[in-house]
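Every chain is numbered from 1 and lettered A, B, ... according to where its sequence line falls, protein lines coming before strand lines.
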Amino acid sequence: AQSVTQLGSHVSVSEGALVLLRCNYSSSVPPYLFWYVQYPNQGLQLLLKYTSAATLVKGINGFEAEFKKSETSFHLTKPSAHMSDAAEYFCAVSDGIDAGNNRKLIWGLGTSLAVNP
Amino acid sequence: NAGVTQTPKFRVLKTGQSMTLLCAQDMNHEYMYWYRQDPGMGLRLIHYSVGEGTTAKGEVPDGYNVSRLKKQNFLLGLESAAPSQTSVYFCASALGAGWSYNEQFFGPGTRLTVL
C-alpha cells in the first residue's frame, strides 16, 4: 500500500534562503505524486505534480520538485524564499495508476513553512 | 467557473444537533470527497463518491453520512454532533475514471465548532 512521509512538521527559513521540504513515499507501482499548498484560512491548491513525464517538475510561484525513484523521494524546493511562501505544504501520492483504481490520494501530514524577515 | 464551493463557511452547533454541509462543483467531475483537517493530523478522508448515486467510506466515516443525488453536489451530514467533530471540513473533486491520475480540486472549507 502507498504511504507518504513528510520529514519535519515545521520548517523555518529566512527570507531569500533556500526552501527544502522533504517527502518520501512508498508505492508498489510507479506513483503519481503531488504537492499542494494551503495558505492560512484557505483550501488546498495544487503546487505541482509528477505524472511520469519529466523527473524535474516545475510548479507555481517558483517551486519545483524532483522525482528520485532510487530514493523514493519527491522533495520540494525553491531557491529563494519569500514572505508570501509561509503556508502549510502537503505531499500526496496517487492510490494507483490504473484507470478506475486511482480514486484516492494518500496524504502526508503536512509541513508548516515559516519565513522570517 | 466557480470551481468547488462549500456552504456554510462557519457554523457553531450544540452537542446533539444535526446539520448538513453542502459541496458543489461546476467542473463536471466524477469523483468527490469529504475530508476533515485537525491540527497535527493532516487531512483525513471521511467519505467519497466515484459517481452520481454512489458513496464509499473513507478512513474516519463514523458519525457522518453522505449523499450524491446529483453529480455536481455532495452532501455531508452530521446526525448528532459531538465535540470531537469540531474541525475544518474540506470538499474536493477530481475528474474520475478514465484518467490515469486524479489531482483533486478543493473548496475553501467549512469551520465547524461543536459545543
Side-chain angles (χ1 to χ4, degrees), chain A residues 1-10 23 25 27 29-53 57 59-60 65 67 74 87-112, chain B residues 2-7 9-10 21 23-25 27 29-51 54-61 68 74 88-111:
Chain A
Q2 279 92 342
S3 66
V4 176
T5 301
Q6 291 185 240
L7 298 175
S9 57
H10 298 277
C23 174
Y25 69 92
S27 176
V29 297
Y32 293 125
L33 295 154
F34 305 83
W35 275 101
Y36 282 78
V37 60
Q38 183 183 29
Y39 298 106
N41 299 312
Q42 295 187 26
L44 282 72
Q45 66 179 91
L46 184 69
L47 203 52
L48 51 79
K49 59 181 180 271
Y50 166 74
T51 58
S52 75
V57 181
I60 62 173
F67 171 67
F74 190 56
E88 188 90 14
Y89 292 81
F90 292 92
C91 182
V93 62
S94 180
D95 194 29
I97 63 170
D98 297 327
N101 192 36
N102 56 349
R103 299 174 175 184
K104 294 183 284 183
L105 292 179
I106 310 303
W107 296 89
L109 292 181
T111 297
S112 178
Chain B
V4 180
T5 58
Q6 293 183 233
T7 308
K9 289 184 170 52
F10 302 93
L21 282 67
C23 175
Q25 53 92 6
M27 297 175 283
H29 285 174
E30 291 288 339
Y31 294 174
M32 295 187 75
Y33 310 84
W34 276 108
Y35 292 94
R36 60 178 290 173
Q37 184 179 33
D38 303 289
M41 305 190 76
L43 289 171
R44 292 184 291 170
L45 183 64
I46 304 171
H47 286 280
Y48 65 102
S49 168
V50 298
T54 75
T55 62
K57 293 180 180 180
E59 57 182 302
V60 289
R68 183 100 180 266
F74 195 30
V88 181
Y89 292 85
F90 287 100
C91 177
S93 68
L95 283 165
W99 294 84
S100 57
Y101 61 89
N102 267 304
E103 65 182 86
Q104 295 180 9
F105 296 79
F106 282 79
T110 294
R111 188 173 297 273

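Between A:Leu46 atom CG and B:Phe105 atom CZ the span is 7.0 Å, to the nearest 0.5 Å.
Residues B:Gln104 and A:Tyr36 form a side-chain contact, since some pair of their non-hydrogen atoms from C-beta on lies under 4.5 Å apart.
Residues A:Lys104 and B:Leu45 come closest through the heavy atom pair CD-CD2, 3.5 Å.
Heavy atoms of A:Leu44 lying under 4.5 Å from chain B belong to its backbone as well as its side chain. For a residue to count as touching a neighbouring chain, one of its non-hydrogen atoms must lie under 4.5 Å from one of that chain's; by this rule A:Gln6 does not touch chain B. Contacts between B:Arg111 and chain A at a heavy-atom distance below 4.5 Å involve the side chain alone, from C-beta outward. Heavy atoms closer than 4.5 Å to chain A are found in the side chain of B:Gln37, but not in its backbone.
Under the 6.0 Å cut-off for aromatic ring centres, B:Tyr33 and A:Trp107 do not qualify, their centroids lying 6.0 Å or more apart.
Judged by distance alone, the side chain of A:Tyr32 and the main-chain N or O of B:Glu103 form no donor-acceptor pair under 3.5 Å.
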